[in-house]
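So you know, we letter chains A, B, ... as the sequences are listed, proteins then strands, and number each from 1.
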Number of protein chains: 2
Amino acid sequence: MRKRPYVCGLDAAVDVIGGKWKVLIIWALDYQRCRFGELKRLVPGVSEKVLTQQLRELEADGIVHREIYDQVPPKVEYSLTELGEDLNTALKPLGAWGRNRLAALGELSLHERQQLTGR
Amino acid sequence: MRKRPYVCGLDAAVDVIGGKWKVLIIWALDYQRCRFGELKRLVPGVSEKVLTQQLRELEADGIVHREIYDQVPPKVEYSLTELGEDLNTALKPLGAWGRNRLAALGELSLHERQQLTGR
DNA sequence: ATCCCCACTGACCTCAAGGTAAGTACGCAC
DNA sequence: GTGCGTACTTACCTTGAGGTCAGTGGGGAT
């Protein structure tokens, strides 16, 4: 549960996407429905435990859908729900803003590199 | 510094707004430039230490501008930079998504309340 | 005299998110 | 028969973000 009440919508949204790997998971699922192992490869650096955790939280929040195929070896597929796709759409401008920022930072380091190699 | 490199723009954006109170600060500053004490009142629950910290980080990231008036008693005003206003614009759809979510949750708890009082 | 207000700073502490490593149960390939 | 891949779970540990509290130094109100 939550200690502090939500102050605004932004607050509520950040609560959902706040986990360390959640935006990366959502971003990965936008392109394709994924099995657990694929997701692990698409989100480099997550441990299995934490990936499971975050997926369960996203599922509880109604962002991702978990489909279990009764097979051996086990097969589980994750996909975005409609709500999850809405969220992803809402995240697009933020992603664009971040990309601009990355570009700006990239130019800065290019500049620094030029200064260094210029000596 | 950062351990893991940015995977995408969203990643970079979340790095900037990830602090516990940052979106609330940005949201508060969208309406008006603010003195420190005002901000403290607009963001209920933050301690002074953490508010200062987050403001400094936002300043370092070029999101907020800090203007010091050489007065006694001291006066400091915070405002969004152009980059900060861009960020705020990019956050609007996310805020709207969150508001919808809150509305949905509100209806749920209303429903639960009705079930409870109905007994 | 005593208190509050302004905008902080610094020392110390807490706790929960996340990381590590091992275990599970089954099937297939070599 | 040894190891890998599947999708996890469990116990244990680490870390750092954030919380608590006290102090600063002058001015104005009570």
Protein-nucleic acid N or O pairs under 3.5 Å, nucleotides 25-30 of chain C:
none

Atom pairs under 3.5 Å, N or O on each side, protein against nucleotides 15-20 of chain D: can you list them with distances?
{"unit_1": "D:dG18", "atom_1": "OP1", "unit_2": "B:Lys20", "atom_2": "N", "d": "2.8"}
{"unit_1": "D:dG18", "atom_1": "OP2", "unit_2": "B:Gln54", "atom_2": "NE2", "d": "3.0"}
{"unit_1": "D:dG19", "atom_1": "OP1", "unit_2": "B:Lys20", "atom_2": "NZ", "d": "3.0"}
{"unit_1": "D:dG19", "atom_1": "OP2", "unit_2": "B:Trp21", "atom_2": "NE1", "d": "3.3"}
{"unit_1": "D:dG19", "atom_1": "N7", "unit_2": "B:Lys49", "atom_2": "NZ", "d": "3.3"}
{"unit_1": "D:dG19", "atom_1": "O6", "unit_2": "B:Lys49", "atom_2": "NZ", "d": "2.3"}

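Taking the side chain to side chain contact (heavy atoms under 4.5 Å, CB included) definition, one finds that A:Thr52 meets it with A:Phe36, A:Arg56, sequence neighbours left out. Every side chain to side chain donor-acceptor pair (under 3.5 Å) that B:Glu48 has, sequence neighbours left out, goes to B:Lys40. Among residues two or more places apart in sequence or in another chain, the salt bridge (Lys or Arg N to Asp or Glu O under 4.0 Å) test is passed with A:Glu38 by none. Here B:Lys49 pairs with nothing under the salt bridge (Lys or Arg N to Asp or Glu O under 4.0 Å) rule; sequence neighbours left out.
With values rounded to the nearest 0.5 angstrom, A:Leu94 atom CG is found 6.5 Å from B:Leu94 atom CG.
Rounded to a whole Å, the CG atom of B:Leu51 is 18 Å from the P atom of D:dC21. In this entry the distance linking CD1 of B:Ile68 with P of C:dC6 reads 18 Å, nearest Å.
Contact of the B:Leu105 side chain with the B:Arg101 side chain is registered, since non-hydrogen atoms from C-beta on lie closer than 4.5 Å. In this structure the side chain of B:Leu91 reaches within 4.5 angstrom of the side chain of B:Leu87, judged on heavy atoms. Counting only heavy atoms from C-beta outward, the side chains of B:Leu29 and B:Cys34 approach each other to under 4.5 Å.
As judged by a 4.0 angstrom heavy-atom cut-off over every strand, A:Tyr78 is placed among residues touching the sugar-phosphate backbone only.
Residue B:Leu102 is not grouped with residue B:Trp27 when hydrophobic side chains (ILVMFWY) are merged at heavy-atom distances under 4.5 angstrom, including chains of intermediate members.
Applying the salt bridge (Lys or Arg N to Asp or Glu O under 4.0 Å) rule to pairs touching residues 78-93 of chain B yields B:Asp30-B:Lys92, sequence neighbours excluded.
Phosphate contact (OP1/OP2 of C:dC8, side-chain N/O of B:Arg56, threshold under 4.0 Å): present. Considering only side-chain N and O atoms, B:Arg41 lies under 4.0 angstrom from the phosphate OP1 or OP2 of C:dC6.
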For residues 64-76 of chain A, which side-chain donor-acceptor pairs fall under 3.5 Å, sequence neighbours excluded?
{"unit_1": "A:Arg66", "atom_1": "NE", "unit_2": "A:Tyr78", "atom_2": "OH", "d": "3.2"}
{"unit_1": "A:Tyr69", "atom_1": "OH", "unit_2": "A:Glu77", "atom_2": "OE1", "d": "3.2"}

Check: residues 10-26 of chain B side-chain donor-acceptor pairs under 3.5 Å, at least two apart:
{"unit_1": "B:Asp11", "atom_1": "OD1", "unit_2": "B:Arg4", "atom_2": "NH1", "d": "3.4"}
{"unit_1": "B:Asp11", "atom_1": "OD2", "unit_2": "B:Val7", "atom_2": "N", "d": "2.9"}
{"unit_1": "B:Asp15", "atom_1": "OD2", "unit_2": "B:Arg2", "atom_2": "NE", "d": "3.4"}
{"unit_1": "B:Asp15", "atom_1": "OD2", "unit_2": "B:Tyr6", "atom_2": "OH", "d": "2.4"}
{"unit_1": "B:Lys22", "atom_1": "NZ", "unit_2": "B:Glu57", "atom_2": "OE1", "d": "2.7"}

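At its two ends the helix from C:dA1-D:dT30 to C:dC30-D:dG1 runs along axes set 20° apart, each axis drawn from five pairs and the angle rounded to 10°.
Sorted by residue number, the members of residues 30-40 of chain A with any non-hydrogen atom under 4.0 Å from DNA chain D read A:Arg35, A:Phe36, A:Gly37.
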From CA spacing to verdict: side chain to side chain contact (heavy atoms under 4.5 Å, CB included), A:Thr81, A:Glu59: CA-CA 9 Å; A:Thr81 61; A:Glu59 197 191 350; over 6 Å; no
